[in-house]
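As C-alpha cells, the structure follows; a few thoughts come after it.
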Amino acid sequence: MTIMKGGADTGFRRVLPEQYAPRFFHIKKVNKKVITATQVSLKKGNYNDDDVFILDLGKDIYQINGTRCSHDEKFRAAQEIEKLVSTRGGRVKKHTLEGLNPPNHPALTVLKDSPKKSKAEPVFGGKKMFKVTVGAGLELVAEGDDVQKSRLDSGDVFVMDLESGVFCLGWGRSIS
C-alpha cells in the first residue's frame, strides 16, 4: 500500500483533539480566611510577586509562585490545578515556576507585554439624604453636614448616600 497526497475527506465522523484557549488565573489572599481565584487577561502587567498565578495552556498547566507569596496561596493554587486536571482526565502536565524566571521561558511567550489597566476610583459627591415618596420618587432632604439622624421620620423611607455606601432606611407601620 502506498500513501499518496490528496484524496477525499472521510465520510466518517472525525474526532479532533480538544482545543483549549489559554487562561491566566490570579490566586490572592484577601484576608485570613478568604483566598480568591480570579481569571485575568493574559498580560505580564497582571503579574506581581505577592501572589500565585496559574497559566492554563490546555495540555500544560503552570503554577507561577511569586517571590513573596504565602503558603496558603500556593496550596489554593494546587487545589485549582487539581480541579483543572480532573476535568481533563488527568492528561495534563503540571509545572511550577518561581516567578517569571527565566523571562524567556516558552510558556511565558503567551503573556503579552502590555501593562495592567488601572481602574478609576469612584468620586464621592458628599453625604446626601433622600426621602422616598410615592408620586415624586426621591426628594432631596439634606446634604453635607445637614445629614443627621434627627431628620429621619418613622413613617417614611429614606435613602442615605454616605461615603461608606448607600443605605435604605425605613420603619414603622405606615410604610408600604
Going from [atom1] on [X] to [atom2] on [Y], what distance comes out if it is rounded to the nearest 0.5 angstrom?
X: Ser70; Y: Ile35; atom1: OG; atom2: CD1; answer: 6.0 Å
X: Asp49; Y: Arg68; atom1: CG; atom2: CZ; answer: 5.0 Å
X: Lys43; Y: Asn46; atom1: NZ; atom2: CG; answer: 6.5 Å
X: Phe130; Y: Glu139; atom1: CZ; atom2: CD; answer: 10.5 Å
X: Glu73; Y: Asp51; atom1: CD; atom2: CG; answer: 4.5 Å
X: Arg151; Y: Asp156; atom1: CZ; atom2: CG; answer: 13.5 Å

Cluster check [X], [Y]: I/L/V/M/F/W/Y, side chain < 4.5 angstrom:
X: Val141; Y: Leu162; answer: yes
X: Tyr20; Y: Ile61; answer: no
X: Ile81; Y: Ile27; answer: yes
X: Val52; Y: Leu97; answer: no
X: Val85; Y: Phe25; answer: yes

Verdict with supporting geometry, Phe158 and Met129, side-chain contact (heavy atoms from CB on, under 4.5 Å)
CA-CA 7 Å; Phe158 292 88; Met129 177 187 244; 4.2 Å; yes
Give me the atom names and distance for the closest heavy-atom approach of Cys168 to Val157.
SG-CG1, 3.7 Å
Heavy-atom pair with the smallest gap, counting every atom of Gln148 and Asp145:
NE2-O, 3.5 Å
Start with the C-alpha distance between Asp60 and Lys93, add both sets of side-chain angles, then the distance that settles salt bridge (charged side-chain N to carboxylate O under 4.0 Å, His left out), and finish with yes or no.
CA-CA 5 Å; Asp60 292 298; Lys93 291 181 185 174; 5.2 Å; no
If we ignore angles and hydrogens, is there a donor and acceptor under 3.5 Å between the side chains of Asn65 and Gln63?
yes
Candidate list Leu57, Leu84, Ile54, Val110, test side chain to side chain contact (heavy atoms under 4.5 Å, CB included), partner Arg23, passing option
Leu84
Side-chain contact test, heavy atoms from C-beta onward, threshold under 4.5 Å: evaluate it for [X] versus [Y] and give yes or no.
X: Arg88; Y: Asp56; result: yes
X: Lys131; Y: Leu138; result: no
X: Val34; Y: Lys29; result: no
X: Thr109; Y: Asn104; result: no
X: Tyr62; Y: His105; result: yes

Could you go through the side-chain contact (heavy atoms from CB on, under 4.5 Å) check for Asn48 and Phe53 one step at a time?
CA-CA 9 Å; Asn48 65 56; Phe53 292 83; 4.3 Å; yes
Is there a side-chain contact (heavy atoms from CB on, under 4.5 Å) between Ile64 and Phe24 once you walk through the steps?
CA-CA 10 Å; Ile64 306 170; Phe24 197 41; 4.3 Å; yes
side-chain contact (heavy atoms from CB on, under 4.5 Å) for Val159 and Val166? Distances and angles first, verdict last.
CA-CA 7 Å; Val159 176; Val166 177; 3.8 Å; yes
Centroid separation under 6.0 Å, is that true for the rings of Tyr47 and His26?
no
